[in-house]
Structure formats: C-alpha cells, structure tokens
Amino acid sequence: MSLIGYARVSTEDQTPLPQSETLQSAGCAEIFEEHASGGNRARPVLARVLERVQSGDTLVVVRIDRLARSLSHLLEVIERLEAKGAFFRSLQDPIDTASPQGKFTLQVLGAAAEFERALIRERTKAGLVSARAKGRVGGNPGLRTKDPAALRKVRLARQDGYMERLNETAQDWVPHVRRLRPDMAWEDVLRIINAPLPQDRRWTQSRLLRAVKAYVRDGFLPAEVLGRAGRRKTDDRLPAIVAAIKGSDPDITLQAICDRLEAMRERTPRGRTSWQPSSVRMLLERAERLGLLVRQMD
C-alpha cells in the first residue's frame, strides 16, 4: 500500500515544487507532476496516475482543486479509485475516503450535487408550465418550420455536446488507441481499455469506433488508427496484449498484469483462467524478442 501524490499547475510559468514538497512531507513515495488546466479532464499524467494506482493505495493531493475543478469530475475520479480498491486524500480539505469522516464528507458532496440537479430540473419544469399558461409554445421556431439554418445550428450544437462528453472520458481510451492501433485488432484494444473500468463506464466496440472517428475527423487522432489491423500469428497475440498492458504503465507489477488479464477473461497459454507472474514474465520476454516491448524488466 502506497501514498501516491499528484501535483498540478495550470501553466508552464508556474512550478509544482511547493505542492511536491508538501506531498513528500506527507509521506508520498511517488509524486506525479503535471502542467495542465484544471478544467481539462483529459490530462495524460492524471490518466497515468489513475492507471498506476492499485488496491490499497491512496491518491494524495494538496487541495481538491489540484485534482478537479468540478464536483462531478471529483466524484468520477473517486469512483474510479474505489472501483480499484484505492482511496483518496486531500491534505487541506476534510476528505480522506479511508476514514469514516472522509466518506461522510464525500456522501454529503454527492447529495449536494444531486440536490443541485433536482433544483435545476424543477426550475425548468416550472418555467415551461408558466410559459404555456401565457400562451407561449416552447422550442425553437426555426425547428418547427424546419429552417435549414436552425437545423444546422442544432446539429452543430449536438456535435459539440458529444465532443465535450468524449473529452471527459478521453483519458480512458485515447492513449490506448493512439498506442495500439492499427497494430492490434479492435476487439483486443477494447478489452484492454475496459479491463480497469467499472462496469457502468465500459465501452462497446461500436461506441468506441464512433468516438475514434470523431477524434480523427477533428484532428485529435491520426487517420492511421482506423486502418485495418494486420493479421497476427496466433502465438503472438498474448505477447502483444501483455506488451500493451506493460506499455500503458511501465511500473505495473507482474501480479497487477495477472489481475488485468483475468479481468479481461484472457486464458493462459495452457488454457487456464488463473494467471501466475511467471507466465506473464515469460510472455514479456517473448514480446521483447518480437520487438513489441522495450526492455524495462528487472
């Protein structure tokens, strides 16, 4: 069980050193630093931290706003940590999900967020009722008359909304797609992406392809990721999958790779469902010989 620190500043002109020193004083064995806006959920270093955290570990920040700028994002990150059996602690805020008091604070925050959403829904309904009573019809007049300009504006707004939702989950799938495609088949890429995610956030292949095409269209991913995957020898498939898991987190342990493979329901070379570190090491060595992995093992 480890304390893993995360320090973030918004611009290159700022330094995360004061945060890192505070985290080190708090006992963090590893500290990850990132220069990125707090409003951007697709942060590569944060994605790597969330991938690195294992059961029993605690993610530590100096203040909540160093991790998330919105309550929804904060709760989303904590949910991901809880799904892995990990905890969250903010040094300058009363949140430590390993303690009963911290869990209570988190529950209060979640209830406040739900209450805010309920108020917005009630105000919207009341506004619509009042408008109807005054003889006003809701909706866009241009849409009622099927005006092309209005239809185009709505279509663009929906597209912007879709891209905004994709950006909130980009840290889950973009790094894997960028690294693994088109060398690996979509089926295997999908299983690698879904393995660490809770059930309600897992992707289907059609949904993932739609997201990738949208990112390619807007230039966030190269068009090559949509190319046809080359035919891979059956014996090379497992080394490629293990190399992909190792490549996404160079510090991942052999046992953690075993857990990931079991979550993917991947069978061992002998057809068993339970993986052993020795089998993973053998596949990593083979992946290295095949040129699929730069040597990083001890």
Enquirer: Could you check whether Glu266 pairs with Arg260 (Lys NZ or Arg NE/NH1/NH2 to Asp/Glu carboxylate O, under 4.0 Å)?
Expert: no
Enquirer: List the steps and the verdict of side chain to side chain contact (heavy atoms under 4.5 Å, CB included) for Phe87 and Leu59.
Expert: CA-CA 6 Å; Phe87 307 100; Leu59 176 61; over 6 Å; no
Enquirer: Side-chain contact, heavy-atom cut-off 4.5 Å: Phe88 with Leu67?
Expert: yes
Enquirer: Treat each ILVMFWY residue as a node, draw an edge where side-chain heavy atoms are under 4.5 Å apart, and state whether Leu17 and Val61 are in one component.
Expert: no
Enquirer: Determine the minimum heavy-atom distance between Ser20 and Ile31, stating which atoms define it.
Expert: O-CD1, 3.3 Å
Enquirer: Decide yes or no for Gln54 and Thr253: does some side-chain heavy atom of the first lie under 4.5 Å from some side-chain heavy atom of the second?
Expert: yes
Enquirer: When you measure from the side chain of Asp93 to the backbone of Ile95, do you find a donor-acceptor pair of N or O atoms at a distance under 3.5 Å?
Expert: no
Enquirer: Verify the neighbour count for atom CD of Gln24: are there more than 12 heavy atoms of other residues, nucleotides or ligands below 6.0 Å?
Expert: no
Enquirer: For Arg210, does the CZ atom have more than 12 heavy-atom neighbours from other residues, nucleotides or ligands under 6.0 Å away?
Expert: no
Enquirer: Could you grab the distance from atom SG of Cys28 to atom CG of Leu3, nearest 0.5 Å is fine?
Expert: 5.5 Å
Enquirer: Check Asp172 with Arg201, please: is the shortest side-chain N to carboxylate O separation under 4.0 Å?
Expert: yes
Enquirer: Is Arg178 reaching over with its side chain to a backbone N or O of Leu221, donor-acceptor style, under 3.5 angstrom?
Expert: no
Enquirer: Below 4.0 angstrom, N of the basic side chain to O of the carboxylate: do Arg52 and Asp57 qualify?
Expert: yes
Enquirer: Hey, does the side chain of Arg272 reach the backbone of Trp275 with a donor-acceptor pair shorter than 3.5 angstrom?
Expert: no
Enquirer: Any side-chain to backbone donor/acceptor pair from Arg63 onto Gln92? Under 3.5 Å, distance only.
Expert: no
Enquirer: Check Gln14 against Ser10 and note the closest heavy-atom contact, atom names and distance.
Expert: OE1-N, 2.9 Å
Enquirer: Look at the side chain of Glu262 and the backbone N and O of Asp259, then say whether any donor-acceptor pair between them is shorter than 3.5 Å.
Expert: no
Enquirer: For a quick check under 3.5 Å, do Tyr6 and Arg43 share a side-chain donor-acceptor pair by atom type?
Expert: yes
Enquirer: To the nearest 0.5 Å, how far apart are CG in Asn167 and CG in Asn40?
Expert: 7.5 Å
Enquirer: Say you draw a straight line from OG of Ser279 to CD1 of Ile257; how long is it, rounded to the nearest 0.5 Å?
Expert: 12.0 Å
Enquirer: Using the rule that Ile, Leu, Val, Met, Phe, Trp and Tyr join whenever any side-chain heavy atoms are under 4.5 Å apart, tell me whether Trp203 and Ile241 fall into a single cluster.
Expert: yes
Enquirer: Do the charged groups of Arg237 and Asp188 touch, with an N to O distance under 4.0 Å?
Expert: yes
Enquirer: Is the closest side-chain heavy-atom distance between Lys246 and Val280 below 4.5 Å?
Expert: no
Enquirer: If you compare all heavy atoms of Ala240 against all heavy atoms of Met184, which two are closest, and at what distance to 0.1 Å?
Expert: O-CE, 3.5 Å
Enquirer: Identify the two heavy atoms, one from Pro198 and one from Ala83, that lie closest to each other, and give their separation to 0.1 Å.
Expert: CB-CB, 4.2 Å
Enquirer: Counting N and O atoms only, with roles assigned by atom type, does the side chain of Arg89 sit under 3.5 Å from a partner on the main chain of Asp96, one being a donor and the other an acceptor?
Expert: no
Enquirer: Quick one: do Val9 and Leu23 end up in the same hydrophobic cluster if we chain Ile, Leu, Val, Met, Phe, Trp and Tyr together by side-chain heavy atoms under 4.5 Å apart?
Expert: no
Enquirer: In this structure, would Val216 and Leu190 fall into the same cluster of hydrophobic residues linked by side-chain contacts under 4.5 Å?
Expert: yes
Enquirer: Got a second to check how far Leu75's CG is from Glu82's CD, nearest 0.5 Å?
Expert: 9.5 Å
Enquirer: Kindly indicate whether the side chain of Leu166, heavy atoms from C-beta on, has any atom under 4.5 Å from the side chain of Tyr215.
Expert: yes
Enquirer: Does the side chain of Thr97 reach to within under 4.5 Å of the side chain of Thr58, using non-hydrogen atoms?
Expert: no
Enquirer: Could you tell me whether Arg8 and Asp65 make a salt bridge, using a distance below 4.0 angstrom between a side-chain N and a carboxylate O?
Expert: no
Enquirer: Taking the side chain as everything from C-beta on, heavy atoms only, tell me whether Gln276 gets closer than 4.5 Å to Leu254.
Expert: no
Enquirer: If you define the side chain from C-beta out and look only at heavy atoms, does anything of His35 sit under 4.5 Å from Pro16?
Expert: yes
Enquirer: Just by modelled atom types, is the Leu46 backbone N or O under 3.5 Å from a matching donor or acceptor in the Glu34 side chain?
Expert: yes
Enquirer: Does Val177 reach the side chain of Ile193, with side-chain heavy atoms less than 4.5 Å apart?
Expert: yes
Enquirer: Hydrophobic clustering (ILVMFWY, side-chain heavy atoms < 4.5 Å, transitive) - are Leu197 and Ile192 grouped together?
Expert: yes
Enquirer: Would you say Glu30 and Ser2 are linked by a side-chain donor-acceptor pair, where the criterion is simply a distance under 3.5 Å?
Expert: no
Enquirer: Between Lys84 (side chain only) and Val53 (backbone N and O only), is there a donor and an acceptor less than 3.5 Å apart?
Expert: yes
